[in-house]
Amino acid sequence: MTESSASKDQQHPLYNRDRPLINSLLSQEATDYNLAELARMRIRYQGFPGARDIQQGLDQVLQRWGLTEAELFAKTREIHQVGGIYKSRGKKEEEDWN
């Protein structure tokens with residue numbers, strides 16, 4: 001009668017902030033910034049037990065842009081090597097892991 005908690009989808013704590021970003025990516029082109037954002041979201045939701053609509057949206061963006069996940073990560077590694085894709089808020093050498 002009771003369902004095990006392992007089989008229940010969870011609500012991601014950043015869902016409400018990320019959903020509009022995914023919607024935006026679905027309607028935009030594959031700029032360096034958008035590629036970096038897509039890769040960041042792929043990593044955030046990879047293996048997450050829930051937020052299925054976001055995970056499907058991320059798959060759709062990849063498909064729309066004609067990329068595999070491996071190609072996306074290769075491109076974003078190149079982008080991040082050049083640096084400056086995310087401007088810090090006044091602090092030097094700060095990384096944003098949100």
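Across every non-hydrogen atom of W65 and L25, the tightest pair is CZ2-O, 3.7 Å.
With I54 as the fixed residue, the side-chain contact (heavy atoms from CB on, under 4.5 Å) test singles out one of L21, N23, D18, L14: D18.
Between Q28 atom CD and L38 atom CG the span is 11.5 Å, to the nearest 0.5 Å. The structure places CD of Q81 at 8.5 Å from CZ of R77, a figure rounded to the nearest 0.5 Å. Atom-to-atom distance recorded for I79:CD1 and L72:CG is 8.5 Å, nearest 0.5 angstrom.
Checked by atom type and distance alone, the side chain of N34 pairs as donor or acceptor with a backbone atom of E29 at under 3.5 Å. With Q55 contributing its side chain and P49 its backbone, the two residues share no donor-acceptor pair below 3.5 Å.
Looking at heavy atoms from C-beta onward, L62 lies in side-chain contact with R42 at the 4.5 angstrom threshold. At least one side-chain heavy atom of E69 sits less than 4.5 Å from a side-chain heavy atom of Q46. Using a 4.5 Å heavy-atom threshold, the side chains of L67 and L35 count as touching. Counting heavy atoms from C-beta outward, R19 and I22 have side chains that approach closer than 4.5 Å.
Ring orientation note: the planes of H12 and Y45 are tilted relative to one another, at an angle of 30° to 60°.
We find that K75 and E78 are not joined by a salt bridge, their nearest charged nitrogen and carboxylate oxygen being 4.0 Å or further apart.
By the 6.0 Å contact criterion, CD on Q11 is enclosed, its count of non-hydrogen atoms from other residues, nucleotides or ligands being greater than 12.
Defined by atom type and a distance below 3.5 Å, a donor-acceptor pair is missing between the side-chain atoms of Y15 and Q10.
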